[in-house]
A.B. asks: 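Below are the structure tokens for one structure; questions will follow.
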Amino acid sequence: MKSIIDIILDHSEYEKKCLDIPAISFYKKTNPNIANYIIIYDVDCSSYENDEHKIKESLDELEAMYSLDKNVDGESLKVKIQSLFDNNQEASQIDKNTSAIYLLKFNDSERFNSMRNLIYTIEESSNYFKRYILAYTDKQVQMLNDKISDYEEKNIEQILSDIADNKDEYYKLMNGMNSGSLYELVIRLFSKIPFLKYDFKVNSMPISIEADIDNRMPNALKNCDNVLKNIKEDEIEEKTILTMLDDYIIDDEEIEKELETLLKADN
């Protein structure tokens, strides 16, 4: 997963600074006029993904290292990061300009999905830096790497946007039908990486089901429908209504022809 994040960061004009700390990387914006920094914290939860307490302990380690509750070679992570800056004033303001992206490796995506309260607790902490938790599985990463290899002529945002632009997969995800899919990972990337931009495609707004039915309805039947909508129950007899509707009954053969026409139009 780390290599994919590197591609995204490079595309977004961040440069990696050497920290030499296992599982932690630091990036800063290449534009000197933009004070924006990213900490990547890579955590392999696959061997204890059923132990929510241990996962929380692992996530809490980043803040502990940053604040010197748990030092790194006698220094806090914050001090080590500040030593990478030439400008002391810029270095002193890193807290408010830094975001931390936690990369959590799981064997089963469903295990992560069941830990909403834990994720909320970590992400909503106001200490030091903004936090974003991004879970993944090796299978998801492999599928995304394959897609990236297949479309070398496109940049990473275009590739991810193409994958995300799939309404069928969206509805499956909303209904809990494609947990662990490539689509799930891509949606997480867009939601958890604050500078990653979705390349929206210009499409006409979808019409409502009611409007679609109205558009397909024959004019004569529309008129009948409007009449029925606007009359009061005591103004017309049931027999009269049935007589009106008899003129618009469609037999099975007509229905099949209409379905064939619609299917051809969709293809």
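Reckoned from all heavy atoms, side chains included, excluding hydrogens, waters and symmetry mates.
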A.B. asks: Are side-chain heavy atoms of Phe112 and Tyr136 found at a separation under 4.5 Å?
C.D. replies: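 Side-chain contact under 4.5 Å: no.
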
A.B. asks: Salt bridge check, Lys154 against Asp162: does any charged N sit closer than 4.0 Å to a carboxylate O?
C.D. replies: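 Result for this pair is yes, salt bridge flagged.
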
A.B. asks: Could you measure the distance from the CZ atom of Phe106 to the CG atom of Asn50? Nearest 0.5 Å is fine.
C.D. replies: 9.5 Å

A.B. asks: Within a 6.0 Å radius of atom CG on Asp150, are there more than 12 heavy atoms belonging to other residues, nucleotides or ligands?
C.D. replies: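 Yes, enclosed.
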
A.B. asks: Check whether any side-chain heavy atom of Ile119 sits under 4.5 Å from a side-chain heavy atom of Arg116, and report yes or no.
C.D. replies: no

A.B. asks: Please report the interatomic distance CD(Glu61) to CG(Leu77), rounded to the nearest 0.5 Å.
C.D. replies: 12.0 Å

A.B. asks: Measure the shortest side-chain to side-chain distance between Thr98 and Tyr128 over non-hydrogen atoms and say whether it is less than 4.5 angstrom.
C.D. replies: no

A.B. asks: Using atom types as modelled and distance alone, determine if a side-chain donor or acceptor of Asp165 lies under 3.5 Å from a backbone N or O of Ser161.
C.D. replies: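 No.
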
A.B. asks: Any non-hydrogen side-chain atom of Phe129 less than 4.5 Å from a side-chain atom of Leu62?
C.D. replies: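 Yes, side chains in contact.
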
A.B. asks: Can you pull the salt bridge (charged side-chain N to carboxylate O under 4.0 Å, His left out) pairs that have at least one residue in residues 171-196, sequence neighbours excluded?
C.D. replies: Glu123-Lys192, Glu169-Lys172, Glu184-Arg188

A.B. asks: Is it the case that atom NZ in Lys2 sees more than 12 heavy atoms from other parts of the structure closer than 6.0 Å?
C.D. replies: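 Yes - once you tally the heavy atoms of other residues, nucleotides and ligands closer than 6.0 Å, there are more than 12.
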
A.B. asks: Could you tell me whether the side chain of Gln140 and the main chain of Ser181 form a donor-acceptor pair under 3.5 Å?
C.D. replies: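 Here the side-chain-to-backbone pair exists.
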
A.B. asks: I'd like a table of donor-acceptor pairs (distance under 3.5 Å, sequence neighbours excluded) in which one partner is a side-chain atom from residues 7-14, with atom names and distances.
C.D. replies:
| residue | atom | partner | partner atom | Å |
| --- | --- | --- | --- | --- |
| Ser12 | OG | Ile8 | O | 3.0 |
| Tyr14 | OH | Asn36 | OD1 | 2.5 |

A.B. asks: Do Pro194 and Lys130 touch side chain to side chain, with heavy atoms closer than 4.5 Å?
C.D. replies: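 SC-SC contact between Pro194 and Lys130 ruled out.
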
A.B. asks: Would you say the side chain of Ile187 lies within less than 4.5 Å of the side chain of Ile163, judging by non-hydrogen atoms?
C.D. replies: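 Not touching, per the 4.5 Å side-chain cut-off.
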
A.B. asks: Nearest 0.5 Å please: distance from the CD1 atom of Ile40 over to the CD1 atom of Ile24.
C.D. replies: 11.0 Å

A.B. asks: Which atom pair, heavy atoms only, marks the closest approach of Arg131 to Asn127?
C.D. replies: NH2-O, 2.9 Å

A.B. asks: Are Leu134 and Ile38 connected, step by step, through hydrophobic side chains (Ile, Leu, Val, Met, Phe, Trp, Tyr) whose heavy atoms are closer than 4.5 Å?
C.D. replies: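 Cluster IDs for Leu134 and Ile38 match.
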
A.B. asks: Would you check if Ile55 and Val43 make a side-chain contact, meaning some heavy-atom pair closer than 4.5 Å?
C.D. replies: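 They are not in side-chain contact.
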
A.B. asks: Could you tell me if the side chain of Leu185 sits less than 4.5 Å from the side chain of Met1, heavy atoms only?
C.D. replies: yes

A.B. asks: Hey, quick one: are Leu173 and Met115 part of the same hydrophobic cluster, counting side-chain heavy atoms closer than 4.5 Å, chains of contacts allowed?
C.D. replies: no

A.B. asks: Got a donor-acceptor contact below 3.5 angstrom from the Ser83 side chain to the Lys80 backbone?
C.D. replies: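 Pair found, side chain donor or acceptor close to backbone of Lys80.
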
A.B. asks: Heavy-atom count around Tyr170 OH within 6.0 Å, excluding the residue itself: above 12?
C.D. replies: no

A.B. asks: If hydrophobic clusters are built by linking Ile, Leu, Val, Met, Phe, Trp and Tyr wherever their side-chain heavy atoms come under 4.5 Å apart, do Ile81 and Ile34 end up in the same one?
C.D. replies: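 Different clusters: Ile81 never reaches Ile34 through Ile, Leu, Val, Met, Phe, Trp or Tyr contacts under 4.5 Å.
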
A.B. asks: Taking atom types as modelled, find out whether Tyr66 and Asp95 have a side-chain donor-acceptor pair closer than 3.5 angstrom.
C.D. replies: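 Tyr66 vs Asp95: donor-acceptor pair found between side chains.
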
A.B. asks: State, without any angle test, whether Asp138 and Gln142 hold a side-chain donor-acceptor pair at a distance under 3.5 Å.
C.D. replies: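 No - no donor-acceptor pair under 3.5 Å links their side chains.
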
A.B. asks: Group every Ile, Leu, Val, Met, Phe, Trp and Tyr by side-chain heavy-atom contacts under 4.5 Å, then state whether Tyr151 and Leu189 land in the same group.
C.D. replies: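 They do share one cluster, since a chain of ILVMFWY contacts under 4.5 Å joins Tyr151 to Leu189.
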
A.B. asks: Any pair with a residue in residues 77-98 that passes ring-ring contact (aromatic ring centres under 6.0 Å, His included), sequence neighbours left out, goes on the list, sorted by first then second residue, please.
C.D. replies: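 As it turns out, the ring-ring contact (aromatic ring centres under 6.0 Å, His included) pairs with a partner in residues 77-98, which skip direct neighbours, are Tyr37-Phe85.
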
A.B. asks: How about Glu152: does its CD atom have over 12 heavy atoms from other parts shown lying under 6.0 Å from it?
C.D. replies: no

A.B. asks: Which of these, Tyr41, Tyr48, Tyr102, sits in a side chain to side chain donor-acceptor pair (under 3.5 Å) with Ser58?
C.D. replies: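 Only one option passes, and that is Tyr48.
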
A.B. asks: On a heavy-atom basis, which atom in Ser109 and which in Thr137 lie closest, and how many Å separate them?
C.D. replies: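 Between these two residues, the closest heavy atoms are N-CG2, 4.0 Å.
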
A.B. asks: Mark yes or no for whether Asn175, through its side chain, and Met177, through its backbone, hold a donor-acceptor pair below 3.5 Å.
C.D. replies: no

